[in-house]
Amino acid sequence: MPPGGIGRALGDLAYVQRPAYEAEIVALLASAFEVSDWRAAHSAEDVARAAEAAGAAQGGALLLVYRQEEYASAAALFQLWPTPRGHYKHALLLRGAAAGDAGVAHDVLL
């Protein structure tokens, strides 16, 4: 183990502490563009293209709202497990998960 313990080896982890992480999720949810037609997509890139065509800013966060029984379909677009994992208060943040025609990555919230 390096001097200073594992925390030092991993760098500044303040962003994963509850207050900072929750504030980031809330801000992303507030600013995210809701992709209403994600169900017609076949890939993460399709989601980004549909969002940009509907007016989403390049590189802005995208929000996919789904019903519980639709999660597996939404997850498949991003090659995720078909059951929710790694979420925080039922919001799953995928950093840089989808890029549109210009190749600019979007964060995606499921």
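The minimum heavy-atom distance between Ala97 and Ala44, with the atom names listed, is O-CB, 3.5 Å. In terms of heavy atoms, Ala105 sits closest to Gly96 at CB-CA, 3.9 Å.
With side-chain heavy atoms closer than 4.5 Å counting as contact, directly or through intermediates, the hydrophobic cluster containing Tyr71 also holds Phe33, Val35, Trp38, Val47, Leu62, Leu64, Tyr66, Leu77, Phe78, Leu80, Leu92, Leu94, Val108, Leu110.
Listed by chain and residue number, nothing satisfies the side chain to side chain contact (heavy atoms under 4.5 Å, CB included) test with Ala99 (two or more places apart in sequence, or in another chain). Residues meeting the ring-ring contact (aromatic ring centres under 6.0 Å, His included) test with His90, sequence neighbours left out: His87.
Listed by first then second residue, pairs satisfying salt bridge (charged side-chain N to carboxylate O under 4.0 Å, His left out) with a partner in residues 100-110 read Arg49-Asp101, not counting sequence neighbours. Annotation: salt bridge (charged side-chain N to carboxylate O under 4.0 Å, His left out) contacts involving residues 61-76, sequence neighbours excluded, comprise Arg39-Glu70, Arg67-Glu69, Arg67-Glu70.
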Can you give me every donor-acceptor pair (side chain of residues 51-60, partner residue at least two apart or in another chain, under 3.5 Å) with its distance?
{"residue": "Glu52", "atom": "OE2", "partner": "His106", "partner atom": "NE2", "Å": "2.7"}

